[in-house]
J.: 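I have a structure I would like to understand better, so I am pasting it below and will then ask my questions one at a time.
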Protein chains: 2
Amino acid sequence: MTVSEVRYGTGREALIRAVVDVVAEEGLDGLSYRKVAQRAHVNNTLISHHFGSKEAMLEAATVWAVQRTQQRADLTLASAIDRDFAETLTRIVGEEPNLQVFQYSMILASRRSPELRRIAGNLYESYISMVQDVLVRYGYEPERAAARAVFAALDGLVLQQVTVAEREEIVAAITRLGSLIERK
Amino acid sequence: MTVSEVRYGTGREALIRAVVDVVAEEGLDGLSYRKVAQRAHVNNTLISHHFGSKEAMLEAATVWAVQRTQQRADLTLASAIDRDFAETLTRIVGEEPNLQVFQYSMILASRRSPELRRIAGNLYESYISMVQDVLVRYGYEPERAAARAVFAALDGLVLQQVTVAEREEIVAAITRLGSLIERK
DNA sequence: TGTCAAGCTCTGCATCTGCAGAGTTTTTGC
DNA sequence: GCAAAAACTCTGCAGATGCAGAGCTTGACA
C-alpha cells in the first residue's frame with residue numbers, strides 16, 4: 001500500500017483545502033475525486049470514506065471556507081471604509097483569492113441546495129451586520145437596507161478584484177465608496 | 001431519422017438558450033451535450049456541428065447572453081437610482097433570473113479563459129460607464145472609482161436577489177443606495 | 001501487548017461524457 | 001430541376017467519473 005504524503009489523520013483537511021483550490025482554479029465542472037485527491041496527495045476514495053458523496057464534500061468545504069473567511073474578516077474589521085481598509089481588504093483577498101472564488105461558486109450553487117443556501121444566507125447576514133455596525137459609527141441609524149447596499153458594493157468589488165479588475169482600481173473604488181457614505 | 005421539434009435552421013439558437021438555462025439551473029458541472037440538447041429538443045451532436053467544442057459553445061452562449069442583457073439594460077436605463085429604478089431592475093431580473101445566474105457563472109469562469117475575460121471585462125466597463133452617466137446627472141464629476149463602486153453595489157445586490165435574498169429587500173437596498181449617493 | 005476503531009489504499013464497475021465519422025434532410029442558388 | 005452547402009440525426013467509442021467493497025495501516029486505550 002502506497003504511503004500517503006500527508007501525515008496520518010490529516011487527510012480530511014487536506015482534501016477540503018484541495019477542493020477549494022480545484023474549484024477556484026478549474027470551476028465546479030473541473031472538480032473530480034481524482035483531481036482533488038491528487039492535489040491533496042491522498043487516494044481518491046478517501047473522499048467517499050470521509051464525506052460519502054461529492055455533494056457532502058462540497059458542503060464540508062463550504063463550512064470550512066466560511067469559517068476561515070470569518071476569521072480573516074475579523075482581521076479586516078474596520079471602523080471606517082477608508083484607504084487603510086481598502087488596502088487591507090484587497091491585500092487579504094489577493095493573498096488567498098481561491099477562497100473568495102470558491103465562495104462565489106458556492107453562492108451560485110446555493111440555488112440548487114437548501115443546505116448551501118442556509119449557509120450562504122447566514123454568511124451574508126453576518127457581513128451585513130458588520131457593515132451595519134460601521135454605518136452606525138458613521139452616524140446612521142441601524143437599518144438593514146443601507147448596510148445591505150454597502151455590503152453588496154464591497155462584495156461586488158471583491159468579485160471584480162478576483163475576476164476582471166486590478167487591485168488598484170478596487171482600492172480606489174472602496175476608498176471612494178467610503179467618502180460617498182460619509183454624512184455631510 | 002427523427003424529426004426535430006424545432007424549426008429547421010433554428011437549432012443553433014435553441015441550443016444557446018438551452019445552455020443558459022442548464023448552467024443557471026444545474027451549474028457548469030451539470031452541463032453536458034445531452035442535457036443541453038434535450039432541453040433544446042435537438043440531437044446532442046448538433047453541438048459539435050455548430051460549435052465544435054463545449055468551450056466554444058459556452059463562449060457563444062456568453063456573447064448571446066451579454067447582448068441580450070444589454071438590450072434589457074437599455075430598458076432599465078435610469079436617470080436616477082430611485083424606487084422606480086429599483087422596482088424595474090428587480091422586476092426585469094426576476095423575469096429572467098437564469099440570464100443573470102449564467103452570467104455570474106461565466107464571470108467566475110473568466111478566470112480560466114482569456115476570451116471570456118475579455119468579454120466580461122468589456123461588459124463590466126460598459127455598465128460602469130452607464131452608472132457614471134447617472135452619477136454625472138447627480139452632480140458628480142465623471143470619475144471611474146465612484147461609478148465602479150456604485151455599479152458594484154448594484155451587481156452585488158442582483159447577485160443577492162438571484163441567490164439568498166428576497167426581492168423586496170433588494171428594492172429597499174437599491175432605493176437606499178440612491179439616497180446615500182445623493183449630493184447633500 | 002493486544003484489540004478495535006478510524007484513517008487510508010487498492011480494485012473494480014456501471015454509467016456518463018465529449019465528440020468523430022457517416023448518413024439523412026432541408027435550404028439555397030443557378 | 002439539380003447540385004452543393006448547411007442543418008441535422010444516428011452510431012459508436014475511448015476515456016473519465018463517482019463511489020462500492022475489500023483489505024491494509026495507524027493511533028488510542030485497556
Side-chain angles (χ1 to χ4, degrees), chain A residues 1-23 25-64 105-106 109 112-113 115-116, chain B residues 1-23 25-64 105-106 109 112-113 115-116:
Chain A
M1 167 157 121
T2 305
V3 178
S4 171
E5 287 182 40
V6 300
R7 224 177 66 248
Y8 196 91
T10 63
R12 190 178 190 279
E13 175 149 345
L15 284 172
I16 286 176
R17 286 171 182 272
V19 168
V20 172
D21 287 342
V22 171
V23 170
E25 291 166 20
E26 309 191 33
L28 280 167
D29 48 308
L31 182 73
S32 71
Y33 279 28
R34 289 165 175 83
K35 232 177 256 182
V36 169
Q38 183 179 51
R39 179 69 68 105
H41 305 296
V42 296
N43 184 282
N44 79 73
T45 55
L46 191 57
I47 293 172
S48 299
H49 173 76
H50 279 302
F51 306 109
S53 70
K54 195 171 181 179
E55 179 176 274
M57 169 177 77
L58 281 169
E59 277 174 26
T62 301
V63 170
W64 180 87
S105 300
M106 299 320 291
R112 308 172 246 152
S113 157
E115 181 57 19
L116 288 180
Chain B
M1 166 155 120
T2 304
V3 176
S4 171
E5 286 182 39
V6 299
R7 225 176 66 246
Y8 199 90
T10 64
R12 189 177 192 280
E13 176 152 343
L15 285 172
I16 286 176
R17 288 172 182 269
V19 168
V20 172
D21 286 343
V22 170
V23 170
E25 290 167 20
E26 310 195 30
L28 280 166
D29 48 310
L31 182 74
S32 71
Y33 279 28
R34 290 167 176 82
K35 233 178 255 182
V36 170
Q38 182 180 49
R39 180 65 71 103
H41 303 297
V42 296
N43 184 282
N44 78 73
T45 56
L46 191 57
I47 294 172
S48 300
H49 174 76
H50 279 300
F51 307 108
S53 70
K54 193 171 182 182
E55 178 175 275
M57 170 178 75
L58 280 170
E59 278 175 24
T62 301
V63 170
W64 180 88
S105 301
M106 300 319 292
R112 308 172 248 153
S113 155
E115 181 59 17
L116 288 180

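Naming convention: chains lettered A, B, ... in sequence-line order (proteins, then strands); numbering from 1 in each chain.
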J.: Would you classify A/Leu15 as touching base, sugar-phosphate or nothing, given that sugar-phosphate means primed atoms plus P, OP1 and OP2, and contacts are heavy atoms under 4.0 Å?
T.: nothing

J.: Let me spell it out: for each of A/Arg34 and A/His49, pick the nucleotide of DNA chain C with the closest heavy atom. Which residue's pick is nearer the 5' end?
T.: A/His49

J.: Could you tell me how far apart A/Phe51 (CZ) and D/dA20 (P) are, to the nearest whole angstrom?
T.: 15 Å

J.: Hey, is the side chain of B/Ser53 pairing donor to acceptor with the base of C/dC19 inside 3.5 Å?
T.: no

J.: Would you say the base of C/dT27 and the side-chain of B/Tyr8 have a donor-acceptor pair closer than 3.5 Å?
T.: no

J.: Can you check the A/His50 NE2 to C/dG7 P distance for me, whole Å?
T.: 6 Å

J.: Which pair of heavy atoms, one from A/Gly30 and one from A/Val22, lies closest together, and at what distance?
T.: O-CG1, 3.9 Å

J.: Does OP1 or OP2 of C/dC8 have a side-chain N or O of A/Asn43 closer than 4.0 Å?
T.: no

J.: For A/Arg7 and D/dT26, give me the distance from atom CZ to atom C1', rounded to whole Å.
T.: 12 Å

J.: Please evaluate the base of C/dG18 for a donor-acceptor partner in the side chain of B/Tyr33 within a cut-off of under 3.5 Å?
T.: no

J.: How would you label the contact of A/Ser32 with the nucleic acid (heavy atoms, under 4.0 Å): base, sugar-phosphate, or nothing?
T.: sugar-phosphate

J.: Identify whether the distance between the nearest side-chain nitrogen and carboxylate oxygen of A/Arg112 and B/Asp29 falls below 4.0 Å.
T.: yes

J.: Donor-acceptor pair under 3.5 Å: do we get one between A/Arg12's side chain and the base of C/dG7?
T.: no

J.: Thinking salt bridges, do B/Glu25 and B/Arg39 make one under a 4.0 Å N-O criterion?
T.: yes

J.: Check whether any side-chain N or O of A/Thr45 sits under 4.0 Å from OP1 or OP2 of C/dT9, and answer yes or no.
T.: no

